[in-house]
Amino acid sequence: MSPIPKITVTLPDGAQMSVNTGTTAAEVAKSISDGLFKNSLAANVNGQLVDLYIPITADSKVEVITYKSPEAHDILLHSTSHVMAQAVKQLFPTAKVTIGPAIENRFYYDFDVEPPFTDEDLDKIEKRMQEIIAADIPVRREEYTRDELQKKFAAMGETYKVEIIESIADNEVLSVYTQGDFTDLCRGPHIPSTGKIKAFKLLNTAGAYWRGDSRNKMLTRIYGTAFPSEKELRKYLNFLEEAKRRDHRKIGKSLELFEINEQVGPGLVIWYPRGAMLLQIIKDYWIREHLERGYELVQTPHIGKSNLWETSGHLGFYREFMFDSMKIEGDEYFIKPMNCPFHIQVYKSKTRSYRDLPIKYAELGTVYRYELSGVLHGLMRVRGFTQDDAHIICTPEQLNEEIIKLVQFSFDYIRKFGFNEFEVFVATKPKDKYVGEPAKWEEATAALRYALDEINVEYALDEGGGAFYGPKIDIKIKDALNRSWQCTTIQFDFNLSERFKMEYIASDNEKHQPYMIHRAIMGSLERFVGVLIENTLGDFPVWLAPVQAAVIPISENQNEVAKQFHNRLIEKSIRTEFNSKNDTIGAKIREAELMKIPYMFIIGEREAQDCTVSIRRRKSGQKGVYDWEKAIAIIAAEIEKQ
RNA sequence: GCCACCAUAGCUCAGCUGGUAGAGCGGCUGAUUUGUAAUCAGCGGGUCGCGGGUUCGAUCCCUGCUGGUGGCUCCA
């Protein structure tokens with residue numbers, strides 16, 4: 001009998017081991033230490049994630065994946081989704097399994113089941129999962145040919161799996177994972193046994209179309225999460241709680257900023273005085289920043305005749321998002337979903353010379369888009385919203401510089417609101433709905449990428465995510481909970497300038513077609529305010545706070561004097577509120593704290609006599625007693641800081 | 001739009017298996033005249049989202065609608 005051939009295994013620290021061929025990563029882990037073996041979930045063999053029990057048959061670099069490895073979480077989540085599917089199949093044998101991947105911090109599994117699961121079902125499933133985990137059932141991989149698998153899953157009645165197998169490329173290895181009575185088509189890798197799952201929770205059910213296509217059957221999805229320890233699970237659940245606490249809909253109500261009312265219509269925002277003030281402050285700032293950068297303000301109607309939208313291509317490519325038309329004196333009018341055709345009209349009002357370019361038209365234009373009722377969400381997704389819109393019309397030579405300026409402008413602008421982390425995407429040509437030659441798309445996309453490269457901005461590609469009229473740069477901002485929100489969009493457009501026959505006279509005295517860029521920095525003011533609320537909990541910096549100060553007399557005896565001070569603040573354009581209620585000082589302060597008013601100016605008997613005020617800063621408390629002018633200077637200085 | 005869940009006073013919510021509703025906060029009135037996150041007392045306030053049905057009787061059961069919430073191409 002010939003001796004078993006040896007192979008060399010190289011560990012991450014460079015150490016090498018000579019082992020029998022066919023040794024598994026599990027055995028390697030065990031030979032290093034029992035502790036490592038106990039914590040091992042999978043292995044990375046030559047850069048490839050594999051199961052712990054796959055035999056290694058050649059010299060390899062081997063890294064044992066433990067709970068602490070960055071790759072571990074996805075594997076754990078994915079394996080937990082299999083345990084869930086196993087529990088579901090045991091409890092509901094007629095349910096058909098479909099797909100069940102890991103997503104960020106969570107997993108889901110979609111089932112075709114009648115009737116759909118309820119919350120009580122989730123408890124039952126969770127209990128059964130605990131039993132499966134307690135039984136520590138081994139999870140093993142097997143590979144099969146396409147035919148074998150088709151038959152296998154067809155025999156099991158798992159028609160969705162059969163369909164999936166059909167859609168997998170010929171050259172891929174087909175594998176299944178089996179744990180006890182449950183077998184699932186899966187690429188893996190998976191944990192070696194169900195007992196490796198230490199902490200999990202099922203979160204909620206949801207409907208989801210098979211393959212995400214609304215023409216397909218609606219499946220029942222269960223979301224869940226899993227972590228290496230109870231502690232980490234709790235931390236994640238706390239994060240979800242914190243997100244709830246920051247919900248802009250809740251804060252918007254308690255701070256009296258806005259409402260969305262059934263009587264008015266879904267997705268339509270009613271701004272209360274405080275919310276409208278907040279919006280106005282943002283708008284004022286926005287206008288200042290644009291005028292400083294050479295933009296010109298324009299203002300355009302809310303509706304326009306159908307031929308305008310015909311020419312722009314909106315009726316061809318964007319109709320599904322537009323509200324139905326209205327007939328006026330025999331003509332058909334549409335409510336604008338975008339401002340661009342109007343801005344083009346302004347451009348075309350006279351002959352333009354290359355010396356005039358770039359021309360930059362800016363407008364806080366309110367647009368209306370028909371969004372499906374199911375996707376509406378507070379201020380984040382509405383049907384009527386104000387875009388901080390601008391159109392830059394320039395020569396081809398100017399394009400690069402203009403894009404760079406725009407990206408930098410966006411970063412600078414958004415940083416002012418306390419956001420410092422960005423994700424940048426370049427979105428390319430959509431698969432079906434697009435206008436223009438593919439070659440032009442290529443060229444324009446390259447121009448966007450070139451500009452970003454030039455200023456060293458890292459970005460990811462969003463394939464097929466472009467607008468119908470051109471590729472775009474999208475900037476997402478990260479909030480305090482590390483969630484990202486789409487705000488800035490910089491869209492190249494070679495479609496409209498052609499459709500509307502825009503032109504300028506170049507230095508060669510010939511007519512040329514200009515380039516056009518659409519862009520919005522905040523995107524939608526509504527959404528931006530929503531993000532701002534969630535990021536700050538409604539505790540706005542003083543320059544943004546709709547009410548910057550509360551003037552609070554200690555007793556009614558100081559009402560007269562306090563009112564005078566209040567008037568001084570108003571004269572200085574400080575947004576202030578006078579609390580003359582017959583409440584104790586404690587109650588009046590509490591009220592101001594809850595309404596997140598940053599400054600409180602308190603006047604008692606002593607202050608009334610000396611013409612001073614006691615300053616109290618929200619959250620941090622008393623700041624001392626100052627004469628009126630000094631007190632006003634203090635708050636004014638903080639407002640100035642922006 | 002589709003699936004599930006939800007809808008009670010201005011707000012937050014309670015109301016067991018059907019017998020026409022309650023609390024706290026806010027509001028109003030009065031007392032108190034307050035020194036840095038809730039003074040006390042009293043009083044109002046609801047066709048229980050809307051429309052049908054079952055029932056002697058519906059906030060509760062059934063059904064239609066409206067609105068809200070969580071989701072709906074992150075490949076086995």
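Each chain gets a letter, A, B and so on, in the order its sequence line appears, and its residues count up from 1.
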Undergrad: Between residues 147-158 of chain A and RNA chain B, which residues have a heavy-atom gap below 4.0 Å?
TA: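 Contacting residues: none.
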Undergrad: With C1' as the reference atom in both, quote the distance from B:U63 to B:U73 in angstrom, rounded to an integer.
TA: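 It works out to 35 Å between them.
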Undergrad: Can you measure A:E560 atom CD to B:U33 atom C1' for me and round it to whole angstrom units?
TA: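 Whole-Å distance recorded here is 16 Å.
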Undergrad: Provide the distance between the two C1' atoms, one in B:C56 and one in B:G51, to the nearest whole Å.
TA: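 To the nearest whole Å, 23 Å.
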Undergrad: Look at the rings of A:Y318 and A:F468 and say which category their plane angle falls in: under 30° parallel, 30 to 60° tilted, over 60° perpendicular.
TA: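 Rings of A:Y318 and A:F468: tilted, 30 to 60°.
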Undergrad: Quick check: any donor-acceptor pair below 3.5 Å linking the side-chain of A:Y209 to the base of B:G1?
TA: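 Yes, a donor-acceptor pair under 3.5 Å.
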Undergrad: Need one value for A:D213: base, sugar-phosphate or nothing, where a base atom within 4.0 Å counts as base even if backbone is also close, heavy atoms only.
TA: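 It contacts nothing in the nucleic acid.
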Undergrad: Ignoring backbone atoms, establish whether A:K588 has a side-chain N or O less than 4.0 Å from OP1 or OP2 of B:U34.
TA: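 So the side chain of A:K588 is outside the cut-off, no N or O lying under 4.0 Å from OP1 or OP2 of B:U34.
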Undergrad: Roughly how far apart, to the nearest Å, are B:U66 and B:A31 at atom C1'?
TA: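 B:U66 and B:A31 have their C1' atoms separated by 47 Å.
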Undergrad: Distance check needed: B:U73 P versus A:R221 CZ, whole Å only.
TA: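 In whole Å, B:U73 P lies 6 Å from A:R221 CZ.
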Undergrad: Tell me if the centroids of the rings in A:F227 and A:H73 come within less than 6.0 Å of each other.
TA: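 When the ring centroids of A:F227 and A:H73 are compared, they turn out to be within the sub-6.0 Å range.
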Undergrad: Expected output check: what is the dot-bracket annotation of RNA chain B, where ( ) and [ ] are pairs inside the strand (brackets for crossing ones), | is paired with another strand, and pairs are Watson-Crick or G-U under 3.5 Å?
TA: (((((((..((((.....[..)))).(((((.......))))).....(((((..]....))))))))))))....
Undergrad: Looking only at atom C1', what distance separates B:G44 and B:G27, rounded to whole Å?
TA: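 So the two C1' atoms sit 9 Å from each other.
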Undergrad: If I take atom CG in residue A:N582 and atom C1' in nucleotide B:U34, what distance separates them, rounded to the nearest angstrom?
TA: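 After rounding, the gap between these two atoms is 9 Å.
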Undergrad: Is it the case that the base of B:G35 and the side chain of A:Q558 share a donor-acceptor contact (distance under 3.5 Å, atom types as modelled)?
TA: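 Check fails, no donor-acceptor contact within cut-off.
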Undergrad: Give a yes or no on whether a salt bridge exists between A:K472 and A:D474, defined as a side-chain N under 4.0 angstrom from a carboxylate O.
TA: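 Answer for the salt bridge query: yes.
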Undergrad: Cation-pi check for A:F425 against A:K476: NZ or CZ below 6.0 Å from the six-membered ring centre and within 45 degrees of the axis, yes or no?
TA: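 Yes, A:K476 sits over the ring of A:F425.
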Undergrad: Could you tell me whether the side chain of A:R274 and the main chain of A:P546 form a donor-acceptor pair under 3.5 Å?
TA: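 Side chain of A:R274 to backbone of A:P546, a donor-acceptor pair under 3.5 Å: no, none is there.
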Undergrad: Could you tell me how far B:G46 sits from B:U20 if I compare only their C1' atoms? Round to whole Å.
TA: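 Rounded to whole Å, the distance is 12 Å.
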Undergrad: Between A:R618 and B:U36, is there a side-chain N or O to OP1/OP2 distance below 4.0 Å?
TA: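 No, no such contact exists.
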Undergrad: Rounding to an integer number of angstrom, what distance separates B:C16 and B:A7 when you compare their P atoms?
TA: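 It works out to 12 Å between them.
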Undergrad: Does A:R140 count as lying over the ring of A:Y177, i.e. NZ or CZ under 6.0 Å from the six-ring centre, within 45 degrees of the axis?
TA: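 Output no; distance or angle outside limits.
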Undergrad: For nucleotides 62-67 of chain B, list the nitrogen or oxygen atoms of the protein found under 3.5 Å from its nitrogen or oxygen atoms, one pair per line.
TA:
| unit_1 | atom_1 | unit_2 | atom_2 | d |
| --- | --- | --- | --- | --- |
| B:U66 | O2' | A:E262 | OE2 | 2.9 |

Undergrad: Measuring from A:E126:CD to A:F200:CZ, what's the distance to the nearest 0.5 Å?
TA: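 A:E126 atom CD to A:F200 atom CZ measures 5.0 Å (nearest 0.5 Å).
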Undergrad: From B:G27, B:U36, B:U39, pick the nucleotide closest to the side chain of A:K581?
TA: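 Per side-chain heavy atoms of A:K581, the pick is B:G27.
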Undergrad: Start with the C-alpha gap between A:D74 and A:L77, add the side-chain angles, then the distance that decides, and say whether side-chain contact (heavy atoms from CB on, under 4.5 Å) holds.
TA: CA-CA 5 Å; A:D74 272 3; A:L77 287 166; 4.3 Å; yes
Undergrad: Under a 3.5 Å distance rule, please check whether A:S79 uses its side chain to pair with a backbone N or O of A:I191 as donor and acceptor.
TA: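 Flag set: sc A:S79 to bb A:I191 pair under 3.5 Å.
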Undergrad: Give each protein N/O atom lying under 3.5 Å from an N/O atom of nucleotides 3-5 of chain B, with the pair distance.
TA:
| unit_1 | atom_1 | unit_2 | atom_2 | d |
| --- | --- | --- | --- | --- |
| B:C3 | O2 | A:G207 | N | 3.1 |

Undergrad: Side-chain N or O of A:Y108 versus OP1/OP2 of B:C72: is the shortest distance under 4.0 Å?
TA: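 Looking at the OP1 and OP2 atoms of B:C72, neither is under 4.0 Å from any side-chain N or O of A:Y108.
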Undergrad: It should be established whether A:K623 places a side-chain nitrogen or oxygen under 4.0 Å from OP1 or OP2 of nucleotide B:U36.
TA: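 For B:U36, OP1/OP2 do not have a side-chain N/O of A:K623 under 4.0 Å.
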Undergrad: Any idea which of B:G35, B:U33, B:A38 is nearest the A:R590 side chain?
TA: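 Closest nucleotide to the A:R590 side chain: B:A38.
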Undergrad: Applying the salt bridge (Lys or Arg N to Asp or Glu O under 4.0 Å) test to A:E593, which of A:R616, A:K619, A:R617 qualifies?
TA: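 Considering A:R616, A:K619, A:R617, a salt bridge (Lys or Arg N to Asp or Glu O under 4.0 Å) with A:E593 is found only for A:R616.
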Undergrad: Under 4.0 Å between a side-chain N/O of A:R249 and OP1 or OP2 of B:G70, yes or no?
TA: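 Yes, because at least one side-chain N or O of A:R249 sits under 4.0 Å from OP1 or OP2 of B:G70.
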Undergrad: Compare the minimum distances between each of B:U36, B:G35, B:C74 and the side chain of A:Y223, then state the nucleotide with the smallest one.
TA: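 In terms of side-chain proximity for A:Y223, the closest of B:U36, B:G35, B:C74 is B:C74.
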Undergrad: Give a yes/no on whether any side-chain N or O of A:S555 is located under 4.0 angstrom from OP1 or OP2 of B:U33.
TA: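 Checking A:S555 against B:U33: no side-chain N or O falls below 4.0 Å of OP1 or OP2.
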Undergrad: Atom CD of A:E463 to atom P of B:C75: distance rounded to whole Å?
TA: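 Going from A:E463 (CD) to B:C75 (P), I get 17 Å.
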Undergrad: For a ring-ring contact (aromatic ring centres under 6.0 Å, His included) check, start with the C-alpha distance between A:F565 and A:F601, then their side-chain angles and the critical distance, and finish with the verdict.
TA: CA-CA 9 Å; A:F565 181 65; A:F601 294 117; 5.3 Å; yes
Undergrad: Looking only at atom C1', what distance separates B:U12 and B:G19, rounded to whole Å?
TA: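 Rounded to whole Å, the distance is 28 Å.
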Undergrad: What pairs meet the side chain to side chain donor-acceptor pair (under 3.5 Å) rule with one or both residues in residues 84-108 of chain A, with sequence neighbours excluded?
TA: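 Matches after skipping sequence neighbours: A:Q86-A:Q179, A:Q86-A:D181, A:K89-A:E158, A:Q90-A:R128, A:Q90-A:D181, A:K96-A:T159.
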Undergrad: Just the atom pairs and distances: protein N or O near nucleotides 42-46 of chain B's N or O, under 3.5 Å.
TA:
none

Undergrad: Measure up the A:F111 and A:Y109 rings against each other and bin them: parallel (under 30°), tilted (30 to 60°), perpendicular (over 60°).
TA: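 Plane angle under 30°, so parallel.
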Undergrad: Using only side-chain N and O atoms of A:H377, determine if any of them is under 4.0 Å from OP1 or OP2 of B:G71.
TA: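 Answer no for this pair, as no side-chain N or O of A:H377 is under 4.0 Å from OP1 or OP2.
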Undergrad: Measure from the ring center of A:Y223 to the ring center of A:F107 and say whether it is less than 6.0 Å.
TA: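 That pair fails the under 6.0 Å test.
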Undergrad: Heavy atoms only, 4.0 Å cut-off, all strands: where does A:L376 land among base, sugar-phosphate and nothing?
TA: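 It contacts sugar-phosphate atoms only.
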Undergrad: Using the C1' atom as the point on both nucleotides, what is the distance between B:G42 and B:U47, in whole Å?
TA: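 It works out to 28 Å between them.
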Undergrad: Would you check, one step at a time, whether the test side-chain hydrogen bond (donor to acceptor under 3.5 Å, both in side chains) holds for A:Y272 with A:E259?
TA: CA-CA 8 Å; A:Y272 296 159; A:E259 73 161 343; 3.3 Å; yes
